[in-house]
Amino acid sequence: MAEQEILEGAMAVAHAVARCRPEVIAAYPITPQTHISEELSQIVADGELDAEFVKVESEFGAASVVLGASAAGTRTYTATSSQGLLLMNEVLWNIAGMRLPVVLACANRSISAPLSIWCDHQDAEAIRDCGVLQFYAEDNQEACDMHVIAFRVAEDRRVLLPAMVNLDGFLLTHVFEPTILPDQELCDKFLGTYEAVLKLDAANPATFGAFTEPDKCMEGRWMVHDACLRSVGVIEEASAEFEKVFGRASGGLIEEYQSQDAETILIAKGSLCGTIKDVVDDLRDEGKKVGLVRIKTYRPWPAEAVLGAVSRARQIAVIERGASFGAGGVMTPEVKETLYDAGRLIPVHGYCVQLGGREVPPDGIREIVDRVSGGEKQKAYEYFRLRTEILPDLVPGA
Amino acid sequence: MKFDYSDRVLVPGYTSCPGCGEALAMRIVSQTVGKNAVFTNCTGCSEIFTSRYPASSWAAPWIHSLFENSAAVASGVYYGLKHRGKLEGVNVIGTGGDGGTADIGLQCLSGAFERGDEMLYCCWDNEAYMNTGIQRSGLTPLDAATTTSPAGKASWGNDRPKKDLPAIMAAHNIPYVGVGSCGYYREIPRMVKKALSYRGPKFLQIHAVCPLGWRSDPAMTAELGRLAFETGCYPLYEIIEGETTPHKPPKDGWKPVEEYLKPQGRYRHLFRAADGAGQIVRIQALAAKHIRKFYGDDAVPDFAKEAEAKAEEMAASTA
């Protein structure tokens, strides 16, 4: 049994990734992701990992290099954040469309402007629809384990899609926690070596990235959707297998925390769920039936699992680190859609609790629970504890 | 009669326009490289006319990703093959048009060359964004009319001379930079073989006449390519390990630029407007500078020197 070590999140992730034996790694510096790629370069420089570390000129280049290397039949990895992920955006759609199992990490960070290096989920949510599977870690152990599972799921022949592990910038990447690094032998056993179904091989030439006319294009795009849906079962299967091989549970679609009999259910993802669990515990001690459903797999959207987990809820609050400007939340409407389609018309309230790293203290979570449990009509999506008084008065008549 | 295309790398049946200089260059380059290669392709005409699903004209491994990442994808392919020990005897060939190479793709290409990634990158320079409908690129020459640099009462067409892309590539201190032309297509195989004899990144730019975008007779493609060189409008040369070797000069001497410009619709406005001759003087002056740069002052013909003097005079009077 491997031992716990006190490791910084980004360092731990780098070592977990190295044990998955990626063959080509390309990364470009951006805070707060940098420690992952710095440590990986050191691991390669020390001869502990036989990989090509490609020092690219941008995140766009990083994504394009792993695209090419993946098409050439190798296991590939990159890591980024925020603006870097947005710069990769165009390439990520292409990687998914070509069904290349690239794995990447996103150290979640706010999008400029205003410039902020601190955490929210707008970066990852901005690429939500491109066909990249998305996992969200609550702590560093999970961030490590989810990488191992991500490689396995991405490379599964029933899936063949890129996969991204999200870990909250600074809140996880720069925090030291006791972590068990995935054992090398077990990783090898769990992942095996990557053999591409189709690759750029002179002995067996293939054309990648052909152009299609309107009578065929939609089917090509639909295949990405179909593979995403199929990945639901593969994620469950791989997570179960992970538990069997590594002896600890990790991954999966959702976590149900005190939610079975809960009347008020909070839905959230990422490290914020740690705070929410503490509040849930306190409220349970006070006799309140409150629970949390934590979204671990965000793409594919685990509709069935979410529906099953909230079957006894009377009201739901979705707590987000994202927003869709001019509309409302990002995950909130997805929860509503899931419930509506099942004919469950219970109140669902959305709260944007944090953009750009603002602290979310336990009393904020408690306030949300109190308000939604009180039966009072809430806004469809609320920017929680917004301090508009600090803003200059620039809009006449506003 | 039975045709045997089994040895072809770019197999016939692709849907390029008649007289396409890009297709000509691509066919010769790929045939010279052979099937032990991986080709990456920018978005553009060549990707469209060779890869319409479910057909493909490529008998070698080929990948098209995006407009601006052909070089970075080639880098990825190189590192992937290298890691798996499959690079022996296999050439990685990046390709793209002038826009995909010199404008939107320049960053990825510079990154690949700075890293010293093993590849030959070929730019098919037809001097505008032809696939999207003939818009101006950084390699569109002075006064050429395109759909975004149209000629009009207040415009002579493209208001800038073309970017010196081979010089930018040479500044990466790569072992081989070559500038060839579909007008001298017989020389392309030699250039490709020369390039591939060096390790590291290599760059080949081929002047590719585009009858559609240049509004020229498809039957004149090779001839126009030659005229571009023989008038000094498009110098051809190689920079091998820092040493520049220009193409041998035209055997009948340098020709006036009008001979190259006149058969092309994209320059028609220069010949129709009453004061168009003044603009042609500017193009002739640019050609004089090209000739001087590669062949010395003595090689510049008198008519070109006179045009230079006149262009300077015009510039001084408008300054």
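Model, not experiment: these values are computed from the prediction. So that the names make sense, note that chain A is the first sequence line, chain B the second, and so on, each numbered from 1.
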Could you tell me whether the side chain of [Y] reaches within less than 4.5 Å of the side chain of [X], counting heavy atoms only?
X	Y	answer
Glu90(A)	Asn69(B)	no
Ser58(A)	Gln107(B)	yes
Arg52(B)	Lys216(A)	no
Glu52(A)	Lys82(B)	yes
Val56(A)	Arg115(B)	yes

Which atoms of Asn94(A) come close to chain B, meaning under 4.5 Å heavy atom to heavy atom: side chain ones, backbone ones, both, or neither?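 Just the side chain, heavy atoms under 4.5 Å.
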
Please look at Ala206(A) and chain B and tell me whether the side chain, the backbone, both or neither of the residue comes under 4.5 angstrom of a heavy atom of that chain.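 Backbone only.
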
Just by distance, do the side chain of His64(B) and the backbone of Ala210(A) share a donor-acceptor pair under 3.5 Å?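 A pair under 3.5 Å: no.
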
For Ala59(B), is it the side chain, the backbone, both, or neither that has a heavy atom closer than 4.5 Å to a heavy atom of chain A?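 Contact with chain A involves the backbone of Ala59(B) alone.
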
Identify which of [options] forms the greatest number of heavy-atom pairs closer than 4.5 Å to chain B.
options	answer
Val66(A), Asn204(A), Leu67(A)	Leu67(A)
Ala62(A), Ala202(A), Ala203(A)	Ala202(A)
Val54(A), Val24(A), Thr74(A), Thr212(A)	Val54(A)

For the atom pair [atom1] ([X]) and [atom2] ([Y]), what is the distance rounded to the nearest 0.5 Å?
X	Y	atom1	atom2	value
Leu66(B)	Phe60(A)	CG	CZ	5.0 Å
Glu219(A)	Tyr53(B)	CD	OH	9.5 Å
Leu81(B)	Leu200(A)	CG	CG	7.5 Å

Select, from [options], the one with the greatest count of heavy-atom pairs under 4.5 Å involving chain A.
options	value
Ala60(B), Ser65(B), Cys108(B), Ser56(B)	Ser65(B)
Ile48(B), Thr40(B), Thr43(B), Thr50(B)	Ile48(B)
Ser51(B), Ser70(B), Pro54(B), Ser75(B)	Ser51(B)

Take a 6.0 Å sphere around OH of Tyr14(B) and say whether it holds more than 12 heavy atoms from other residues, nucleotides or ligands.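 Yes, OH of Tyr14(B) has more than 12 neighbouring heavy atoms, counting only those of other groups under 6.0 Å.
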
Taking all non-hydrogen atoms of both residues, which atom of Pro205(A) and which atom of Pro61(B) are closest, and how far apart?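 Of all heavy-atom pairs spanning Pro205(A) and Pro61(B), the closest is CB-N, 3.6 Å.
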
Is it true that Glu23(A) and Lys86(B) have a side-chain N and a carboxylate O under 4.0 angstrom from each other?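 Salt bridge flag = no for Lys86(B) with Glu23(A).
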
